[in-house]
Amino acid sequence: MGVDCVVADGVGLRLGQRWLFRGVDLRVSAGECVAVVGPNGSGKSTLLRCLYGEEQVSEGHVVVEGGIPDERSAEFRRAVSVLLDDSDTFAELTPRQHVELLLGSFGGGPDGGAEPEDLLSGAGLDGHADVPAGRLSAGQRRRLLLLGATARPHRVLLLDEPERALDADGRRWLAELLAEAKNGTAVVMATHHRALVRAIADRVVTL
Amino acid sequence: MRTGWRGSDAIGPAFAALYAGGFAISGYFQLTAWRAVLIGAHHVAPITALMLLAAVSLLAWVSLSARRAVWMSPARLAWHDSDDHRVVVLRRRLIAAWGWRVVAVSYMWTMAAALTQASSLVWTVGSAGGLVVAVIALLALGPDRTARRAGRAELVDGWHRRTVRSVAARYLDPMLLLEAARPVGLSLAGASILRYMTVEVAGRGHALLLAVLVLGVALVLLQLAPALPASLVLAILGYLSLLPTSSGLAQLWHYPGLRRWTDASDLRLRGTAAATLAVPALAWCAVAVLFGAPVAALAVAPIIVAALVRTVTRPPPRYDVPSPVFLMIQTMRGADLLMLSTTVLLLGLAPVITATVIVALTASGILT
């Protein structure tokens with residue numbers, strides 16, 4: 001077992017008079033994937049935001065990559081890649097331009113040396129590589145966002161319902177993508193997709 | 001009791017319209033005072049009034065072609081869209097949009113002609129020409145044709161844009177007014193941030209076209225009102241017309257979901273944006289100098305760039321502040337630097353001191 005990249009000990013978050021979740025323990029090391037499951041409104045997305053430092057927990061403590069998560073820190077953002085509710089695409093840029101911007105800024109993916117063409121082809125976006133993102137379907141935009149989260153170097157990957165808007169082919173591609181992304185990376189994903197949990201997750205946390 | 005939805009909502013705008021109208025009309029009765037402020041001891045050829053008429057007419061025409069009056073709320077389309085109701089409402093709105101522009105252009109023309117003490121020939125030529133342009137604009141707009149052709153998608157899209165504009169005005173947040181760029185097929189490989197900023201500026205070609213038209217108005221205004229400091233006129237109009245070109249930085253700054261596509265530091269983003277914005281700003285000022293503005297107007301370019309960067313890198317608006325003064329301070333971020341720097345230019349200090357202060361203000365605007 002390697003060093004834990006993501007640690008949550010007795011974490012709870014209170015909204016007004018009630019607890020959204022309480023007593024959540026989480027330990028994820030490189031190469032592991034933990035799935036967070038639960039009904040709508042149980043706090044899955046909020047837990048991911050706490051792990052990313054966008055929201056503060058009410059009790060317990062969270063450590064990500066050896067420190068308190070803080071998405072305002074460029075160093076933290078470089079280590080932790082996310083696909084959250086507010087992740088978005090530039091309507092005027094094409095998928096190719098998105099990937100070029102990503103790779104030009106962060107460098108290649110965890111394996112390094114990734115080419116935009118290969119990444120777009122792998123995501124099934126090669127036929128739409130030069131179409132502005134604003135004209136893509138919701139599923140195609142989701143594939144592009146998933147590329148944005150996985151094609152850059154990172155040590156921790158936080159994904160909020162990555163399967164959303166994907167068709168059957170897209171979900172199969174997602175499972176392959178995450179299986180690959182797991183190599184050397186600590187992955188935490190909130191999901192409703194049971195098949196993905198069975199295929200990828202090493203452990204499941206239920207809220 | 002029927003108080004109506006207009007109630008208290010309409011009092012503020014009605015009062016503002018009354019005040020603005022009164023102020024505008026009072027200008028006709030204080031021509032000597034206005035002449036002293038705008039023209040001073042200079043001589044201005046009356047034909048300049050005709051040039052202003054042409055420039056603002058063109059600007060009005062372009063703004064009319066944006067079809068901002070073509071909108072309808074989805075609720076109205078769902079519940080109250082029988083017979084020709086949609087056409088009637090749109091036609092009335094398009095004619096009103098045209099009418100307001102005719103009133104505004106007429107006001108500027110008559111004031112300019114009166115200030116320059118235009119001869120009856122100039123009055124006749126200008127008024128007749130303006131009337132012809134107004135009629136042609138109305139025919140080109142074709143309120144009935146446009147109203148009948150407008151489809152649901154365009155109406156709903158127009159309504160969304162209008163909602164954003166009204167929210168921006170109500171909450172004093174001009175950032176909401178920055179519209180999306182059009183696609184530009186430039187590769188972002190390599191120096192991706194610089195290329196991204198370039199694509200975002202180039203993708204706003206429609207804004208650049210508007211900036212050229214505003215430059216035309218600025219040049220005529222400098223001829224018409226030689227007593228006004230050229231740097232002040234160019235700084236204000238340049239800043240306003242080039243603001244849309246800074247949207248590339250604005251969207252990275254305000255939307256964390258977009259910022260995730262790059263790991264560039266704040267400083268690098270600001271610096272790269274400034275370098276990119278310097279191109280249109282310098283071109284804008286250089287053309288102004290080429291057409292008669294003083295060479296010192298080139299010093300306005302870095303001021304405009306710094307003000308643009310400072311404006312779009314403001315923190316998100318907060319409405320829980322204890323006083324409206326704080327809200328105003330948030331709103332004026334960017335414009336404050338513009339006014340301060342222009343004031344320094346106007347003070348007439350020693351060139352070395354002026355240059356040092358302007359460089360310091362520009363650097364602080366870009367870096368902080």
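The sequence lines fix the lettering, A, B, ..., with proteins before strands; numbering per chain opens at 1.
Residue A:Glu75 places its CD atom among 12 or fewer non-hydrogen atoms of other residues, nucleotides or ligands, all under 6.0 Å distant. Residue-environment remark: CZ (B:Arg165) exceeds the threshold of 12 foreign heavy atoms within 6.0 Å. Counted within 6.0 Å of CZ on B:Arg333, heavy atoms from surrounding residues, nucleotides or ligands total more than 12; the atom is thus considered enclosed. Other residues, nucleotides and ligands contribute over 12 non-hydrogen atoms within 6.0 Å of the CZ atom of B:Arg145.
Every residue meeting the salt bridge (charged side-chain N to carboxylate O under 4.0 Å, His left out) condition with A:Glu117, not counting sequence neighbours, appears here in chain and number order: A:Arg96.
Interface check for chain B: of the options A:Asp85, A:Thr94, A:Thr89, the most heavy-atom pairs under 4.5 Å are formed by A:Thr89. With chain A as the partner, the residue from B:Arg195, B:Arg182, B:Gln251 showing the most heavy-atom pairs under 4.5 Å is B:Gln251.
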task: Show the numbers, then the answer: is there a side chain to side chain contact (heavy atoms under 4.5 Å, CB included) between B:Ile193 and A:Leu101?
output: CA-CA 7 Å; B:Ile193 292 298; A:Leu101 176 62; 4.1 Å; yes
request  = Tell me, with the steps shown, if B:Val184 and A:Leu93 meet side chain to side chain contact (heavy atoms under 4.5 Å, CB included).
outcome  = CA-CA 8 Å; B:Val184 173; A:Leu93 298 188; over 6 Å; no
Stepwise, does the side chain to side chain contact (heavy atoms under 4.5 Å, CB included) test hold for B:Arg260 with A:Leu84? CA-CA 10 Å; B:Arg260 285 174 201 142; A:Leu84 298 179; 3.9 Å; yes
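In this structure, OG1 in B:Thr262 is found 9.0 Å from CZ in A:Arg77, a value given to the nearest 0.5 Å. If you take CD on A:Glu92 and OG on B:Ser247, they are separated by 9.0 Å, rounding to the nearest 0.5 Å.
A pairwise comparison of heavy atoms in B:Trp261 and A:Ser105 identifies O-CB, 4.3 Å as the closest pair. Across A:Phe90 and B:Leu252, no two heavy atoms sit closer than the pair CZ-CD2, 3.7 Å. Among all heavy-atom pairs drawn from B:Pro183 and A:Pro132, the shortest one is CG-CG, 3.3 Å.
Taking 4.0 Å as the cut-off between side-chain N and carboxylate O, B:Arg259 and A:Asp88 do not count as a salt-bridged pair.
Residue A:Leu147: no heavy atom, backbone or side chain, is found under 4.5 Å from chain B.
Listed by sequence position, A:Tyr52, A:Glu54 are the residues of residues 40-72 of chain A in contact with chain B, using a 4.5 angstrom heavy-atom cutoff.
Using modelled atom types, one finds no donor on one side chain facing an acceptor on the other under 3.5 Å when comparing A:Gln97 with B:Ser187.
Formation of a donor-acceptor pair under 3.5 Å by the A:Glu100 side chain with backbone atoms of B:Leu188 is found in this model.
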